[in-house]
Amino acid sequence: MAQTDNAREIIVNMLMKISAGEEYSHVLLRSVLEKYDYLDKRDKAFIKQVTEGSLERRITIDYILDAFSRTPVKKMKPFIRELLRMSVYQILYMSRVPARAAINEAVKLAGKRGFGGLTGFVNGVLRTIARDGKDYPLPDEEKKPVLAFSIKYSMPEWIVEQFLKDFGREKTLKILQGLSETRPVTIRFQKNVSVEERAALLYAMKEMGISIRKHPYLESAYELSGLEGAAALPGFPEGKITVQDVSSMLAAEAAGIKQGDFVLDVCAAPGGKTAYAAMLTGTEGSVEARDVSSYKSMMIEETCARLGLKNVTVKIRDARWADESDRECADVVFADVPCMGLGVMGRKRDIRYRICREDLASITELQRQIVRAAASCVKPRGTLLYSTCSMTREENEEMVSFMEKELGLKTESMEKVLPKSFLDCLNGGELEEIARGTMRLLPGIHETDGFFFARMKKV
C-alpha cells in the first residue's frame, strides 16, 4: 500500500471518530501521529493539515456538498460523508494537491472499504465540485449576515450571533478571520537559560527547518512554525523551554506574584501557569497545584519534573470545594476555570461542533461554584487571578461582577505588574481596561489565543 493511500485512510478513520464524539481532535491527532511515526514527514504533514482543515472548514464544505449532491450530507453513510469532506477540502483548499488525484484516491478508497456501489456517486460529486465548487456563491452578507458569516468562516450560527451581540460586526469579522488562521506554537524559555544558550537553541531550531518569530508581548516568548511536535525541540527534554500561549503567560504575570509567595492553582492542568508561578515565587515560596483527576495531576507532575521545579506540590482535588484548612491560606489563587473554550477554536477545531448555546448556563454555574471556593482560600489583601480561554460576557465580565457583589473581591489595576513590552502594544481603550483590572484578548486583534483574565483583590 502506498503511503499516500494509507494517509487518506488514516484521515477518514480519524474524522469518523471525531464526528461520532469518541475522541477530541487534538488528542487523537497527536496519538495517531505518534503511532504512525514511521511515515514519511510529508505524509504526516498531509495527515495533520487535511484532518485539521476538514474539521475547521466542515460547515463550508457541507454547504458545497449539499449544493452538488443529490443526497444531503446528513443522510450520507458516515464513511462516505467523511471521505467526501476530506476530498472536498483537498480540492478547494490545497492547491498543491491536483483535484484529479484527490478524486481518484477517494474513489479507490470507497471501493476498498466495501462501498463499490457508491464509487460512481463519489466520482460524480467530486468532479462537479472540482469544476464548479470554487465559484459557487455564498449567502448575501447584507441580507443574511449570520448565515453568510457562518458558512464563509465555517462557524456555527449561534456562535456568530453571540460574537455579533458581544463585539459588533467589525470586531466579529476580525475574530472569525483570526480563528481561521493557523496559529503557531508558542514556547517560553525558562528564567535560568542564559542569553547565549537561548541563541544556541534558537539556531538549532532554525537548522531543523523551523521558522521562528520573537513574540512582541513578552521577552521570553517565541512563535514557532513548521515543527512536527514540541518534544523533539532542542532544549525541551532538558526543561529549558516549555510550550505555553502568551495569553496564559500574561495571566500569570497579571497576578503580581512576589518572591516567597504561596500560590494555589485550583484548576492547574496541564501546568503552564503553575510552572510560571513557581518561577516567579522562587525557592523561598511555593505553589500547590490541584486538579480533579489522577490523569490531570500526572500531566502537571510531568511538566514540573521536566522543568526541574522543586517548589511545587500536586494534589487531586475538586475545585468546587474548599475545607477549613484552605481558609485564607494563599497569597495568590489562580482560578483558570473550565469554560466554553471559544478562544482556542483555532487550535482545537472540533470545539465549535461539541458545544451549544444551552451549555453556557451549566458552565457558568460550575464557574460560580469554583470561584466561590477559590475566594475563600485567598488571604486578606491577597489576589485571585480569574481567567478563561473563552470570549462570552457571561463567562467573563459578568463573572467578575458576581465576584464583586457576592464574594468580597474587587478588581485591581494591572498596570504595574504587566510587562511594558505588552502594554506598549495596546490602544488607549485596552489600557483603560487594564487599569480597571481586566483584560480581554481576542484572536485576529491580539497576537494570542482568545483569553480573558481579571486581577481580583480580597477586601
Query raised in the report: Side-chain contact, heavy-atom cut-off 4.5 Å: L84 with F121?
Result: yes
Query raised in the report: Is any NZ, NE, NH1 or NH2 atom of the basic residue among E52 and R349 found under 4.0 Å from an Asp or Glu carboxylate oxygen of the other?
Result: yes
Query raised in the report: Of all heavy-atom pairs between D350 and S25, which one has the smallest distance, and what is that distance?
Result: OD1-OG, 2.6 Å
Query - Donor-acceptor under 3.5 Å (N311 side chain, A278 main chain) - result: yes
Report task. For residues A374 and A335, report the shortest heavy-atom separation together with the two atoms involved. Result -> CB-CB, 4.3 Å
Query raised in the report: Just how far is it from atom CZ of R85 to atom OG of S19, taken to the nearest 0.5 Å?
Result: 5.0 Å
Query raised in the report: Hey, are D449 and R183 close enough for a salt bridge, meaning a charged N less than 4.0 Å from a carboxylate O?
Result: yes
Query raised in the report: Quick one: does R347's side chain get under 4.5 Å of D245's, heavy atoms only?
Result: yes
Query raised in the report: Given the side-chain rings of F79 and F115, with only the six-membered ring counted for Trp, is the space between their centroids under 6.0 Å?
Result: yes
**Report entry** Ionic contact status for K296 with E302, cut-off 4.0 Å
**Finding:** no
**Report entry** R169 and E141, any side-chain heavy atoms less than 4.5 Å apart
**Finding:** yes
**Report entry** Any donor-acceptor pair under 3.5 Å from S362 side chain to D359 backbone
**Finding:** yes
**Report entry** Side-chain touch K48/L29, heavy atoms, less than 4.5 angstrom
**Finding:** yes
Query raised in the report: With distance as the sole test, does R81 use its side chain to make a donor-acceptor pair with the main-chain N or O of V73 at under 3.5 Å?
Result: yes
Query raised in the report: Between T60 and R57, is any side-chain donor less than 3.5 angstrom from a side-chain acceptor?
Result: yes
Query raised in the report: Can you tell if the side chain of K35 reaches within under 4.5 Å of the side chain of R30, non-hydrogen atoms only?
Result: no
Query raised in the report: Hey, does the side chain of R455 reach the backbone of A255 with a donor-acceptor pair shorter than 3.5 angstrom?
Result: yes
Query raised in the report: Short question: side chain of D291, backbone of A269 - any donor-acceptor pair under 3.5 Å?
Result: yes
Report task. Indicate whether the side chain of D166 and that of Q162 have a donor and an acceptor atom separated by less than 3.5 Å. Result -> yes
Query raised in the report: Which value, rounded to the nearest 0.5 Å, describes the distance between W158 atom CH2 and S150 atom OG?
Result: 12.0 Å
Query raised in the report: Side chains of E56 and Y89: is there a donor and an acceptor less than 3.5 Å apart?
Result: no
Requested in this report: Report, as yes or no, whether the 6.0 Å neighbourhood of atom CZ on R368 holds more than 12 heavy atoms from other residues, nucleotides or ligands.
Outcome: yes
Query - Donor-acceptor side-chain pairing of R113 and N13 below 3.5 angstrom - result: yes
Query raised in the report: Counting N and O atoms only, with roles assigned by atom type, does the side chain of Y353 sit under 3.5 Å from a partner on the main chain of L55, one being a donor and the other an acceptor?
Result: yes
Query raised in the report: Is it the case that R306 and T242 place a side-chain donor and acceptor less than 3.5 Å from each other?
Result: yes
**Report entry** Ring center gap for F163 and F149 short of 6.0 angstrom
**Finding:** no
Query raised in the report: Is the Y222 to F189 ring centre distance short of 6.0 Å?
Result: yes
Report task. Measure the OG-CZ distance between S154 and R58 for me, rounded to the nearest 0.5 Å. Result -> 8.5 Å
Requested in this report: Compare all side-chain heavy atoms of P270 with those of I300 and state whether any distance is below 4.5 angstrom.
Outcome: no
Requested in this report: Start with the C-alpha distance between V292 and I316, add both sets of side-chain angles, then the distance that settles side chain to side chain contact (heavy atoms under 4.5 Å, CB included), and finish with yes or no.
Outcome: CA-CA 5 Å; V292 72; I316 301 173; over 6 Å; no
Requested in this report: List for me each residue that meets side-chain hydrogen bond (donor to acceptor under 3.5 Å, both in side chains) alongside R213, sequence neighbours excluded, and say none if there are none.
Outcome: E223, E447
Query - Pair L227-M208, side chain to side chain contact (heavy atoms under 4.5 Å, CB included): steps then yes or no - result: CA-CA 8 Å; L227 69 163; M208 295 170 65; over 6 Å; no
Query raised in the report: Taking S54 for the side chain and V50 for the main chain, is one N or O donor matched with an acceptor at less than 3.5 Å?
Result: yes
Query raised in the report: Is the count of non-hydrogen atoms from other residues, nucleotides or ligands lying under 6.0 Å from R100 atom CZ greater than 12?
Result: no
Query raised in the report: Can you tell me how far the CD1 atom of I10 sits from the CD1 atom of I47, to the nearest 0.5 Å?
Result: 4.0 Å
Requested in this report: For T186 and M249, run side chain to side chain contact (heavy atoms under 4.5 Å, CB included): C-alpha distance rounded to whole Å, both residues' side-chain angles, the deciding distance at 0.1 Å, then the answer.
Outcome: CA-CA 10 Å; T186 308; M249 300 184 212; 4.0 Å; yes
Requested in this report: Verify, without hydrogens or angle tests, whether D326 (side chain) and D323 (backbone) share a donor-acceptor contact under 3.5 angstrom.
Outcome: yes
Report summary line: Minimal heavy-atom distance between M391 and P443, with the atoms involved, is SD-CD, 3.6 Å
Query raised in the report: Hey, is the main chain of Q367 close enough, under 3.5 Å, to the side chain of R372 for a donor-acceptor pair?
Result: no
Query - Those residues that, when tested against S387, pass side-chain hydrogen bond (donor to acceptor under 3.5 Å, both in side chains) (two or more places apart) - result: D336
Requested in this report: Please report the C-alpha distance between M456 and T383 in whole Å, then the side-chain angles of each, then the deciding distance to 0.1 Å, and finally whether the side chain to side chain contact (heavy atoms under 4.5 Å, CB included) criterion is met.
Outcome: CA-CA 6 Å; M456 314 289 295; T383 299; over 6 Å; no
Query raised in the report: Does Y136 have its ring centroid less than 6.0 Å away from the ring centroid of F68?
Result: yes
Query - Where E397 and T392 come nearest, the two heavy atoms and their spacing - result: OE1-O, 4.4 Å
Query - Closest heavy-atom pair and its distance - K134, L92 - result: CG-CD2, 3.5 Å
Query raised in the report: Is it true that the NZ or CZ of R354 lies under 6.0 Å from the centre of Y24's six-membered ring and within 45 degrees of the ring axis?
Result: yes
Query raised in the report: Just checking, any donor-acceptor pair under 3.5 angstrom between side chains of R127 and N123?
Result: yes
Query raised in the report: Does NZ belonging to K44 count more than 12 external heavy atoms closer than 6.0 Å?
Result: yes
Report task. Output all residues satisfying side-chain hydrogen bond (donor to acceptor under 3.5 Å, both in side chains) with R198, sequence neighbours left out; order by chain, then residue number. Result -> E219
Query raised in the report: How far does CZ of F452 sit from SG of C389, to the nearest 0.5 angstrom?
Result: 13.0 Å
Report task. Would you name the heavy atoms of A289 and T274 that are closest together and state the gap between them? Result -> CB-OG1, 3.6 Å
Query raised in the report: Looking at NE2 of H26 and CD1 of I18, how far apart are the two atoms once the value is rounded to the nearest 0.5 Å?
Result: 10.5 Å
Query raised in the report: If you count the non-hydrogen atoms of other residues, nucleotides and ligands that lie under 6.0 Å from CD in E170, is the total more than 12?
Result: no
Query raised in the report: Would you find a donor on one side and an acceptor on the other, under 3.5 Å apart, between the side chain of E395 and the backbone of M340?
Result: yes
Query raised in the report: Does atom NZ of K214 have more than 12 heavy-atom neighbours from other groups under 6.0 Å away?
Result: yes
Requested in this report: Please determine, by modelled atom types, if H446 and E430 share a side-chain donor-acceptor pair under 3.5 angstrom.
Outcome: yes
